[in-house]
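Counting starts at 1 for both ligands and their atoms, in listed order. Hydrogens, waters and symmetry mates are skipped; everything else that's a heavy atom, side chains included, is used. We number each residue from 1, following the sequence as shown.
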Amino acid sequence: MCGIIGYIGEKNCVPILINGLKRLEYRGYDSAGIGIIANGNSEIVKNKGKVSLLEHKMKDLQLYANLGIGHTRWATHGIPNEINAHPHSNLSNTLFLIHNGIIENYRVIKKELENQGYHFKSDTDSEVLVHLIDRFLTLGFDLCKSVQLALNEVVGTYGIAVIYKDEPDKIIAARKGSPLVVGLGNNENFIASDVSAILAHTKQVVYLDDGELAVISKDNFIVKNISDIEIEKEVHEISTTLEEIDKGGYSHFMLKEIMEQPESVRNSMRGRLLPEDGTAKLGGISEVVDRLVNSKRIIITACGTSWHAALVGEYMIENFAQIPTEIEYASEFRYRNPIINKDDTVLVISQSGETADTLAAMREAKSRGALVLGICNVVGSTIARESMAGVYIHAGPEIGVASTKAFTAQLVVLSLITLLIARRKNLSMAEGKKIVEALNSLPDKITDILKLNDRIEQLAEKFKDANNFLYLGRGYQFPVALEGALKLKEISYIHAEGYPAAEMKHGPIALIDENMPVVFIAPKDSAYDKVVSNIEEVRARGGRLIAIASENDNDIDRLVDDTIKIPDTVEMLRPILTSIPLQLLAYHIAVKKELNVDQPRNLAKSVTVE
Ligand code: F6R
């Protein structure tokens with residue numbers, strides 16, 4: 001979703017802003033812009049489309065400035081075009097603003113401002129903010145006060161950065177609901193919506209919290225709250241490296257991230273297994289572990305791929321830890337007056353830790369007294385910071401919009417939580433040891449699955465022109481079917497649906513003909529025989545059958561057209577293995593269709609609006 005970067009210092013900010021915007025491209029955007037102030041001049045350059053286009057424009061203009069802000073926009077109000085792109089400016093072109101989020105009462109404010117003579121250029125909600133700030137400036141307030149007064153009038157969410165020609169020694173940034181981080185350098189400071197934008201320049205960062213405003217100059221920064229009281233902020237050292245956010249020789253981030261899974265899965269359990277005791281230890285939740293183990297109910301809330309991980313978690317926890325578990329779409333949970341008790345635990349899963357619906361669901365659960373634990377990837381993200389305790393999945397930066405390595409790492413962490421609770425309840429040490437052993441052997445098995453890449457690419461060639469796909473699985477493999485279908489549709493734009501295999505005959509079977517590829521996720525598990533019956537049903541109707549099967553399964557070949565055979569593991573961990581061929585299948589189909597795999601149309605990596 002929209003990205004923000006700002007620079008104040010002694011260098012030319014133009015290349016810094018352009019490179020920062022390139023680092024933010026993965027979030028998804030449709031237009032980009034830069035605003036700079038130098039030697040009494042102020043200039044905005046923006047365009048619809050790519051940052052590279054903006055870069056060409058900036059090169060032609062040969063601009064130089066020590067102060068500037070840049071933005072990538074993901075349209076919410078108003079179509080993607082140059083006028084709606086940020087920065088927005090006041091009428092005299094002296095005040096520039098970039099905004100992430102949504103101003104919900106913008107219509108009312110716009111009307112008032114229009115009555116006072118303000119002219120609006122764009123269709124955006126964001127533009128009201130710049131004119132509102134301008135109104136306070138003309139009343140004689142300084143920039144900081146004007147921003148505070150303007151923000152007092154708006155309802156909605158924002159992460160903003162503002163610069164003003166008459167006060168060229170500062171950037172004002174403020175946050176409510178959209179992440180912002182201040183980067184600290186030597187005689188230079190930064191503001192960004194995401195650390196990846198400034199990682200090339202600094203690793204010292206300060207995370208802003210909701211309701212905070214920062215005044216950033218080249219050698220200082222001050223953070224204040226809504227009541228103008230200064231707040232002491234902790235400086236964090238980020239451990240992410242530039243290599244981790246580069247493509248590392250792969251043609252796409254998505255492929256790199258799929259291929260990284262032996263390592264990311266290993267990292268997600270590193271130091272967390274106790275092989276002698278057949279259990280796990282999770283430092284981040286050690287202080288609340290008794291409350292977790294004694295929960296009467298567990299609710300897991302998330303969106304998208306993280307929601308699919310939650311579904312697998314439900315199977316794990318109910319099977320092994322024997323605590324009733326419910327899975328909730330965060331977007332539904334927050335609006336339906338859910339029954340939450342003090343002895344419930346709410347697990348909140350989010351790769352980015354910034355998803356607006358998930359964050360709101362978490363706050364709702366917290367306000368109702370449940371134990372709220374976060375399972376996040378991005379260190380220092382809002383959900384990670386606001387949850388009562390939590391577990392990082394340590395998958396490393398995930399840049400490709402389609403989530404891959406975060407999903408498998410989420411599953412590892414859910415299995416660790418399950419193991420920990422189950423061992424405290426009634427899982428025997430011997431059973432626990434089997435799971436620990438199986439976890440330890442996952443990275444090698446994933447390496448073996450990744451060797452099937454060429455074979456899966458051939459399959460992609462065969463099926464790339466299909467218009468629809470069905471993905472079917474039972475038990476633990478039902479969420480994998482959903483995830484396989486989601487991966488395909490989001491990057492290849494092929495319509496795909498996931499179903500529990502047995503549900504097929506209650507409707508979707510009507511779709512099956514010789515044009516419909518049906519992917520069965522059919523490892524040798526407790527549901528295998530039943531899945532084989534479902535395969536027969538599709539075969540009888542002429543569907544094109546593909547199976548993800550166990551490597552020791554010699555019977556399945558005669559039933560299906562194509563098989564991908566993968567190593568086996570214990571039932572609870574199988575989704576970690578079966579999901580990987582589906583990631584590769586989606587990837588290769590999208591590449592063969594010449595689509596933008598890392599930035600699929602209309603999608604954003606971090607969905608910070610409702
Ligand atoms: C799918 C995908 C999305 C996200 C969803 C939640 O590949 O990436 O469905 O899973 O937007 O995002 P997080 O996990 O960041 O809360």
Side-chain angles (χ1 to χ4, degrees), residues 1 26-28 74 177-179 193-194 196 252-255 257-258 261 264 268 300-313 327-334 346-363 374-387 390-411 413-414 471 479-480 482-493 496 498 579-580 582-587 590 595-610:
M1 225 144 244
Y26 78 96
R27 295 169 67 101
W74 189 86
S178 280
S193 50
D194 180 326
S196 58
H252 297 98
F253 281 111
M254 183 178 176
L255 183 60
E257 287 156 11
I258 293 173
Q261 288 177 106
S264 54
S268 62
I300 317 182
T301 189
C303 301
T305 288
S306 299
W307 185 82
H308 296 155
L311 281 182
V312 179
I327 310 305
E328 297 269 6
Y329 281 115
S331 53
E332 294 297 317
F333 180 76
R334 59 183 293 199
V346 177
L347 297 180
V348 181
I349 308 182
S350 174
Q351 186 285 129
S352 62
E354 303 292 351
T355 302
D357 285 321
T358 313
L359 181 57
M362 181 188 83
R363 288 176 177 157
I375 300 177
C376 295
N377 191 32
V378 176
V379 175
S381 57
T382 310
I383 293 175
R385 286 182 297 126
E386 286 193 19
S387 49
V391 186
Y392 280 118
I393 63 169
H394 292 313
E398 191 179 67
I399 309 286
V401 163
S403 187
T404 53
K405 64 175 181 172
F407 178 69
T408 47
Q410 286 165 345
L411 296 187
V413 164
L414 285 164
Y471 286 72
V480 176
L482 294 179
E483 176 59 8
L486 179 66
K487 283 292 87 85
L488 186 70
K489 72 184 125 193
E490 65 185 333
I491 58 168
S492 74
Y493 317 145
S579 56
I580 293 172
L582 304 183
Q583 297 169 350
L584 282 169
L585 182 64
Y587 170 78
L595 296 169
N596 187 344
V597 172
D598 285 332
Q599 289 155 36
R601 70 180 179 210
N602 305 337
L603 289 180
K605 182 69 186 160
S606 176
V607 184
T608 49
V609 295
E610 277 184 45

Enquirer: Could you check atom 16 (O) of ligand 1 against the protein and tell me its nearest heavy-atom contact, residue, atom and distance included?
Expert: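 Protein heavy atom with the smallest distance to atom 16 (O) of ligand 1: T355 OG1, 2.5 Å.
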Enquirer: Whether R363 and E386 form a salt bridge (side-chain N of Lys/Arg under 4.0 Å from carboxylate O of Asp/Glu) is what I want to check.
Expert: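 Yes, charged N to carboxylate O under 4.0 Å.
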Enquirer: Among protein heavy atoms, which lies nearest atom 11 (O) of ligand 1, and at what distance?
Expert: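 That would be V607 CG2, 4.1 Å.
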Enquirer: Numbering the atoms of ligand 1 from 1, which are under 4.0 Å from a heavy atom of G304?
Expert: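 Heavy-atom distances to G304 below 4.0 Å select 9 (O), 10 (O).
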Enquirer: List ligand 1 atoms under 4.0 Å from A402, heavy atoms only on the residue side.
Expert: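 In order of number, 7 (O).
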Enquirer: At what distance is the nearest protein heavy atom to atom 7 (O) of ligand 1, and which residue and atom is it?
Expert: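 Result: E490 OE2, 2.5 Å.
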Enquirer: Is a donor from one side chain sitting under 3.5 angstrom from an acceptor on the other, for Y493 and N602?
Expert: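 No, N602 and Y493 have no side-chain donor paired with an acceptor closer than 3.5 Å.
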Enquirer: Could you measure the distance from the OG atom of S387 to the CE atom of M362? Nearest 0.5 Å is fine.
Expert: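 Answer rounded to 0.5 Å: 5.5 Å.
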Enquirer: Return the residue, atom name and 0.1 Å-rounded distance of the protein heavy atom closest to atom 6 (C) of ligand 1.
Expert: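 Atom 6 (C) of ligand 1 sits closest to the protein heavy atom C303 O, 3.3 Å.
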Enquirer: Among side-chain atoms of K487 and T305, is any donor-acceptor pair under 3.5 angstrom?
Expert: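 The answer is yes; a qualifying pair exists.
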Enquirer: Strictly by modelled atom types, are S306 and Q351 linked by a side-chain donor-acceptor pair under 3.5 Å?
Expert: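 No, because no side-chain N or O of S306 sits under 3.5 Å from a partner of the opposite role on Q351.
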Enquirer: Judging by distance only, is a nitrogen or oxygen of K487 under 3.5 angstrom from one on ligand 1?
Expert: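 The answer is yes, given that K487 and ligand 1 share an N or O pair closer than 3.5 Å.
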Enquirer: What atoms of ligand 1 come within less than 4.0 Å of a heavy atom belonging to S306?
Expert: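 The list of qualifying atoms is 10 (O), 13 (P), 14 (O).
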Enquirer: May I ask you to check whether E354 and S381 show a side-chain donor-acceptor distance below 3.5 Å?
Expert: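 Judged by distance alone, the side chains do not pair up.
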Enquirer: Going by the closest heavy atom to atom 4 (C) of ligand 1, which one wins out of I383, T305, T358?
Expert: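 Of the listed residues, T305 has the closest heavy atom.
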Enquirer: How far is atom 8 (O) of ligand 1 from its nearest protein heavy atom, and which residue and atom is that?
Expert: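 In this structure, atom 8 (O) of ligand 1 has V401 O, 3.2 Å as its nearest protein heavy atom.
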Enquirer: Just to verify, what does R385 make a salt bridge (Lys or Arg N to Asp or Glu O under 4.0 Å) with, not counting sequence neighbours?
Expert: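 Listed in chain order: D209.
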Enquirer: Heavy-atom contact check, 4.0 Å cutoff: does L603 meet ligand 1?
Expert: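 L603: no contact with ligand 1 (<4.0 Å).
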Enquirer: Strictly by modelled atom types, are Q583 and Q261 linked by a side-chain donor-acceptor pair under 3.5 Å?
Expert: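 Result is yes, a qualifying pair exists.
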Enquirer: Measuring from non-hydrogen atoms of E354 to any atom of ligand 1, is the shortest distance under 4.0 Å?
Expert: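 No heavy atom of E354 comes that close to ligand 1.
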